[in-house]
Protein chains: 2
Amino acid sequence: MSVPRSDPASDCGLDVALAVMGGKWKPLILYHLRSGPRRFGDLKRAVAGISEKVLIQQLRELASAGVVVRHDYGEVPPKVDYTVTPFGMTLIEALLPLCEWGVRNRTRASASMTSRAS
Amino acid sequence: MSVPRSDPASDCGLDVALAVMGGKWKPLILYHLRSGPRRFGDLKRAVAGISEKVLIQQLRELASAGVVVRHDYGEVPPKVDYTVTPFGMTLIEALLPLCEWGVRNRTRASASMTSRAS
DNA sequence: GGTAGAACCTACCTAAAGGTAAGTGCCAAA
DNA sequence: TTTGGCACTTACCTTTAGGTAGGTTCTACC
């Protein structure tokens with residue numbers, strides 16, 4: 001609406017990527033799913049600190065983006081697991097350089113964030 | 001506090017990267033700065049849709065993270081420009097695969113986002 | 001003298017993301 | 001029979017990122 005001509009965002013796909021994996025926990029969820037399927041409760045414990053509500057919410061969004069698939073075994077007690085799709089894997093791969101950058105610059109970056117340290 | 005042992009986030013540097021370039025406009029700002037210094041007003045026009053308040057806010061955060069530098073010419077009328085640092089350049093490079101992913105999957109990704117379309 | 005533009009600052013408001021706490025149906029183990 | 005775990009759901013509240021709309025100081029231009 002407010003973009004005049006040849007939307008500058010179009011050249012830089014970051015908006016797309018951010019729309020898919022942006023959010024406080026999605027990167028972490030993806031990280032924990034990268035090595036295979038995980039059950040809901042399993043994931044909940046792995047992604048320490050996340051609430052069930054938010055976890056399921058993020059999983060739904062990832063699923064509706066085609067990044068993960070939900071598999072319901074239809075058993076009782078309930079058994080459900082989540083797996084990264086091949087498409088999701090391409091995202092994870094594109095994410096890796098940024099992961100590495102983060103790991104390399106963790107100290108430096110958090111040092112500059114002093115204004116944010118409570 | 002709620003993290004038991006060997007914080008899972010530590011393995012995946014995405015939290016660091018997101019802390020630095022996360023936010024609605026930072027990727028775009030970086031994108032527009034990648035090819036050289038830009039004056040404030042210039043940037044304001046380039047990043048169409050952003051308000052001055054938010055632009056300056058994001059620039060300050062990028063600057064305090066060491067990703068860009070603010071140069072004040074001390075002239076009157078005011079002249080200030082912003083440049084990406086070498087450190088910032090390493091971020092931009094780590095960002096590129098994600099950009100490309102976004103560009104490649106723009107259609108697919110936005111198609112899955114139907115639930116978000118207003 | 002009035003207007004415009006430079007690079008901001010300030011106060012206030014809104015919307016959405018995320019967090020908290022409780023409840024659901026069902027079954028197995030204590 | 002109470003408890004606990006599974007995979008959720010629901011209602012409600014808080015935080016914060018971002019947006020809106022003004023103001024400021026100075027000069028240049030008409």
Side-chain angles (χ1 to χ4, degrees), chain A residues 1-3 9 14-15 18-29 32-33 37-65 68-83 113 115-118, chain B residues 1-3 9 14-15 18-29 32-33 37-65 68-83 113 115-118:
Chain A
M1 297 291 181
S2 53
V3 185
L14 273 179
D15 56 324
L18 270 273
V20 173
M21 47 60 73
K24 188 165 174 186
W25 303 98
K26 292 212 188 88
L28 236 37
I29 295 173
H32 285 288
L33 283 177
R38 289 269 210 155
R39 294 189 59 177
F40 179 81
D42 192 13
L43 218 43
K44 193 181 77 182
R45 276 179 294 270
V47 185
I50 196 172
S51 70
E52 297 191 335
K53 184 200 121 183
V54 173
L55 175 56
I56 216 169
Q57 192 174 287
Q58 313 268 287
L59 282 170
R60 292 261 155 89
E61 289 172 16
L62 288 172
S64 89
V68 307
V69 246
R70 186 185 112 110
H71 183 207
D72 188 337
Y73 291 80
E75 295 176 3
V76 68
K79 179 176 177 185
V80 172
D81 64 24
Y82 295 85
T83 317
M113 292 294 165
S115 54
R116 290 200 150 269
S118 59
Chain B
M1 297 291 180
S2 53
V3 185
L14 273 178
D15 55 325
L18 271 269
V20 174
M21 47 60 73
K24 188 165 173 184
W25 303 99
K26 291 213 188 87
L28 236 37
I29 294 173
H32 286 287
L33 283 177
R38 289 270 210 154
R39 294 189 59 177
F40 179 81
D42 191 13
L43 217 44
K44 194 181 77 181
R45 278 180 293 270
V47 185
I50 196 172
S51 69
E52 296 190 337
K53 184 200 122 184
V54 173
L55 176 55
I56 216 170
Q57 193 175 286
Q58 313 269 287
L59 282 171
R60 290 263 155 88
E61 290 172 16
L62 288 172
S64 89
V68 307
V69 248
R70 186 185 113 109
H71 182 207
D72 189 338
Y73 291 80
E75 296 175 3
V76 67
K79 179 175 176 184
V80 172
D81 65 23
Y82 295 85
T83 317
M113 291 294 164
S115 54
R116 289 200 150 270
S118 58

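Remember, predicted model here, so these are calculated numbers, not experimental data. Protein chains get the first letters and strands the later ones, always in sequence-line order, with residue 1 at the start of each.
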Original post:
Choosing from C:dG18, C:dA7, D:dT9, which nucleotide comes nearest the side chain of A:W25?
Top reply: C:dG18
**OP:** Keeping the roles fixed (side chain from A:K26, backbone from A:G22), state whether a donor-acceptor pair exists under 3.5 Å.
**Re:** yes
Subject >> Heavy-atom side-chain contact between B:I29 and B:L55 under 4.5 Å >> reply: yes
Give each protein N/O atom lying under 3.5 Å from an N/O atom of nucleotides 22-29 of chain D, with the pair distance.
none

Subject >> A:L55 CG - D:dC6 P separation (whole Å) >> reply: 13 Å
Original post:
D:dG19 C1' sits how many Å from B:Q57 CD, rounded?
Top reply: 10 Å
Original post:
Can you check the A:E75 CD to D:dA7 P distance for me, whole Å?
Top reply: 10 Å
Original post:
Within a strict 4.5 Å, meaning less than it, do heavy atoms of the A:H71 and A:T83 side chains meet?
Top reply: no
Original post:
A:D42 CG to D:dA7 C1': how many Å, rounded?
Top reply: 13 Å
**OP:** Check whether any side-chain nitrogen or oxygen of A:R39 sits under 4.0 Å from OP1 or OP2 of D:dA7, and answer yes or no.
**Re:** yes
**OP:** Decide yes or no for A:L33 and A:Y82: does some side-chain heavy atom of the first lie under 4.5 Å from some side-chain heavy atom of the second?
**Re:** yes
Subject >> Rounded interatomic separation in angstrom, taking CZ from A:R60 and C1' from D:dT10 >> reply: 13 Å
Original post:
Think A:R38 has a side-chain N or O under 4.0 angstrom from the OP1 or OP2 of D:dA7?
Top reply: no
**OP:** Select one nucleotide: of D:dC6, C:dG18, C:dA7, the one nearest the side-chain heavy atoms of B:R70.
**Re:** C:dA7
Original post:
Using a cut-off of 4.0 Å on non-hydrogen atoms, how would the nucleic acid contact of A:K53 be classed: base, sugar-phosphate, or nothing?
Top reply: base
**OP:** Determine the contact category for B:Y82: base if any of its heavy atoms lies under 4.0 Å from a base atom, sugar-phosphate if only primed atoms, P, OP1 or OP2 are that close, otherwise nothing.
**Re:** sugar-phosphate
**OP:** Please determine if a side-chain N or O atom of B:R45 lies less than 4.0 Å away from the OP1 or OP2 oxygen of C:dA6.
**Re:** yes
Original post:
So do the side chains of B:V54 and B:W25 get within less than 4.5 Å of each other, counting heavy atoms only?
Top reply: yes
Original post:
If you look only at pairs with a residue in residues 69-83 of chain B, which of them pass as a salt bridge (Lys or Arg N to Asp or Glu O under 4.0 Å), with sequence neighbours excluded?
Top reply: B:R70-B:D72
Original post:
Does A:Q58 make a side-chain N or O approach to OP1 or OP2 of C:dG18 shorter than 4.0 Å?
Top reply: yes
**OP:** Starting from C1' on C:dG18, measure out to NZ on A:K26 and report it in whole angstrom.
**Re:** 12 Å
Subject >> Closest nucleotide among C:dA7, D:dG19, C:dG19 to the B:V54 side chain >> reply: D:dG19
Original post:
Is there a side-chain contact between B:L43 and B:H32, using heavy atoms and a 4.5 Å cut-off?
Top reply: yes
**OP:** Using atom CG of B:L18 as one end and atom C1' of C:dA17 as the other, report the distance to the nearest whole Å.
**Re:** 14 Å
Subject >> d(NZ, B:K44; P, C:dC9) in whole Å >> reply: 14 Å
